[in-house]
Number of protein chains: 2
Amino acid sequence: MKTLRVPEATVTRLSIYSRFLERLDRHGITTVSSGEIAEGVGVSPAQVRKDLAYFGEFGTRGVGYNVKDLMKYTMKILGLDQTWSLAIVGAGNLGFALCTYNGFNVRGFYIAAVFDNDPTKVGKKIGHLDVQPLANFPEISKSENIRIGIIAVPIRGAQEVADMMINNGVEAILNFAPVALNVPEHVETRNVDLSVKLEILTFNLGFRSAQSL
Amino acid sequence: MKTLRVPEATVTRLSIYSRFLERLDRHGITTVSSGEIAEGVGVSPAQVRKDLAYFGEFGTRGVGYNVKDLMKYTMKILGLDQTWSLAIVGAGNLGFALCTYNGFNVRGFYIAAVFDNDPTKVGKKIGHLDVQPLANFPEISKSENIRIGIIAVPIRGAQEVADMMINNGVEAILNFAPVALNVPEHVETRNVDLSVKLEILTFNLGFRSAQSL
DNA sequence: AAAGCATAGTTAAAAAATTCACATGCTTCT
DNA sequence: AGAAGCATGTGAATTTTTTAACTATGCTTT
């Protein structure tokens with residue numbers, strides 16, 4: 001089998017292209033060129049073509065790409081031709097926001113359950129969900145076929161939650177706690193760190209002044 | 001002047017190192033090696049040293065780095081030796097979560113104001129803040145010296161909000177709407193896209209199965 | 001039907017980022 | 001004081017990623 005490592009940056013961009021195509025489709029646009037995609041998402045046309053080339057040939061020379069088709073292909077590649085059930089652990093403000101965030105549903109994610117071990121939160125309603133005690137995780141993750149977990153607890157609890165998830169069959173974790181999780185090799189994790197991007201901005205604001213000295 | 005472009009990945013990691021050092025410091029640890037930092041944040045020791053080398057020599061050969069000092073240096077480099085006033089536009093769930101998120105204060109960010117033009121939201125309290133109508137942005141951004149704006153509105157409103165921010169002196173924008181903003185060259189923007197990382201996970205879950213066919 | 005045009009796909013070159021390996025220099029121990 | 005040990009800092013090598021240039025192909029128009 002042809003084993004071709006796909007750069008993570010390519011996957012990231014694919015996700016962005018995919019969303020952009022969705023938007024074009026909603027606007028009734030049927031055809032798009034690599035240049036237009038590039039312009040729309042802020043990369044180079046060559047980059048767009050190169051990224052897509054990892055996965056096949058999706059366009060028509062001289063014409064461009066069929067929006068609907070390419071959208072479907074990209075979603076398929078990203079594994080979004082199925083619905084993924086998610087479990088969120090942590091029903092604080094962040095957990096709450098994630099639960100009510102609409103962007104997930106649109107992309108085929110379904111938040112199946114929210115957990116917290118704070119007794120003042122357990123039982124509270126978030127949208128159509130009741131906040132569950134952590135003790136219910138094994139049962140629910142099984143019945144809902146949870147393969148992806150989201151950690152929205154403070155640093156101190158994050159590793160413990162991760163371990164618990166993994167013990168219950170979770171294969172991938174999206175971690176909002178700013179800490180590197182220690183996980184077995186077969187488990188995928190990615191961190192979302194809300195202040196990193198902000199600090200890139202402050203770095204650049206400062207660096208620019210330094211440059212002009 | 002020595003002009004040395006610093007890779008964005010380096011800045012990203014610097015932010016992560018910085019937070020890790022903060023944590024070590026809170027635990028009373030005074031000295032740390034590149035290897036320990038690397039282990040703690042999940043990169044290679046050489047990477048840590050290389051990243052730091054862009055900015056100077058902060059360690060002692062044979063010993064390592066002084067935690068407190070390196071923490072201060074990294075924060076200084078990131079521009080966090082001052083308090084940054086932020087304005088959030090969008091008081092939906094995400095805006096709310098961002099307002100109440102504690103991680104920002106810790107790193108020297110201060111949320112000075114929240115805006116929304118939904119009349120049902122204006123005037124509501126989020127923490128100590130009243131949600132302001134967008135019309136108040138010019139006045140408040142001036143009096144609070146807002147240089148960084150956060151966009152937490154849906155796609156459709158994002159560009160308009162960005163334009164408005166820029167017209168009022170905002171120099172950097174953190175954008176949570178999944179769309180590429182069109183901004184003048186002197187304005188820095190970064191997007192935070194909550195579903196991209198999730199889609200990297202689903203890609204990897206699927207790709208792994210594909211590999212083992 | 002043929003020619004021209006536009007854009008995808010591909011290969012090669014360039015640039016960027018990471019890793020490697022070692023020389024350097026501080027600290028400690030004898 | 002000297003030697004040994006250890007971890008930094010750095011220049012070179014490697015790998016990865018991006019950019020650019022080129023080629024091929026399908027559509028449209030004449």
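In what follows, chains carry the letters A, B, and so on, assigned in the order in which the sequence lines appear, proteins first and then strands, with residues in each chain numbered from 1. What's counted below: heavy atoms across the whole structure, side chains too, no hydrogens, waters or symmetry copies.
Between the P atom of D/dA20 and the CD atom of A/Q47 lies a distance of 11 Å, rounded to the nearest Å. Going from atom CG of A/N66 over to atom P of C/dA8 covers 13 Å, rounded to whole Å. In this structure, A/Y54 atom OH and C/dG9 atom P are separated by 15 Å, rounded to whole Å. When the C1' atom of C/dT18 is taken as reference, atom CG of B/L52 falls 15 Å away, rounded to whole Å. For the pair A/F55 CZ and C/dT10 P, the interatomic distance rounds to 14 Å; values are reported in whole Å. Taking atom CG of A/D51 as the reference point, atom C1' of D/dA20 lies 15 Å away to the nearest angstrom. The distance from atom CG of A/L70 to atom C1' of C/dA8 is 12 Å, rounded to the nearest whole Å. Here D/dC6 presents its C1' atom at 12 Å from CD of B/E36, a figure rounded to the nearest Å.
Within a 6.0 Å radius of OH in A/Y101, more than 12 heavy atoms belonging to other residues, nucleotides or ligands are found. Within a 6.0 Å sphere centred on CD of B/E39, other residues, nucleotides and ligands contribute 12 heavy atoms or fewer.
Checked against side chain to side chain donor-acceptor pair (under 3.5 Å), B/D25 has the following partners two or more places apart in sequence or in another chain: B/K68. For B/K76, there are no salt bridge (Lys or Arg N to Asp or Glu O under 4.0 Å) partners two or more places apart in sequence or in a different chain. Residues passing the ring pair (Phe, Tyr, Trp, His ring centres under 6.0 Å) test with A/F115, sequence neighbours excluded: A/F137.
Not less than 6.0 angstrom separates the ring centroid of B/F20 from the ring centroid of B/Y17.
For the segment residues 10-34 of chain B, residues with any heavy atom less than 4.0 angstrom from an atom of DNA chain C are, sorted by number, B/R13.
Side-chain contact between B/L86 and A/L198: present, with at least one pair of heavy atoms (C-beta onward) separated by less than 4.5 Å. Side-chain atoms of A/V183 and A/I166, non-hydrogen and from C-beta on, do get closer than 4.5 Å to each other.
The residues A/R190 and B/E199 are annotated as not salt-bridged, no charged nitrogen and carboxylate oxygen being separated by less than 4.0 angstrom.
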Practice task
Using a 4.0 Å heavy-atom cut-off, write out nucleotides 21-30 of chain C from 5' to 3' as B (base contacted by protein), S (sugar-phosphate only) or - (no contact).
Solution key: B--BBBS---
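Taking the nucleotide of DNA chain D with the nearest heavy atom to each of B/G56 and A/P7, the more 5' of the two is matched to B/G56.
Residue A/R5 places at least one side-chain N or O under 4.0 Å from the OP1 or OP2 atom of D/dT17. In this structure, A/Y65 does not reach the C/dA6 phosphate: none of its side-chain N or O atoms is under 4.0 Å from OP1 or OP2.
Terminal axes of the helix from C/dA1-D/dT30 to C/dT30-D/dA1 (five pairs each, C1' rotation axis) are separated by 10°, to the nearest 10°.
A donor atom on one side chain and an acceptor atom on the other are found under 3.5 Å apart for B/R19 and A/S195.
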Problem - Chi angles and distances behind the ring pair (Phe, Tyr, Trp, His ring centres under 6.0 Å) call for B/Y73, B/F58 - result: CA-CA 8 Å; B/Y73 283 130; B/F58 306 108; 4.8 Å; yes
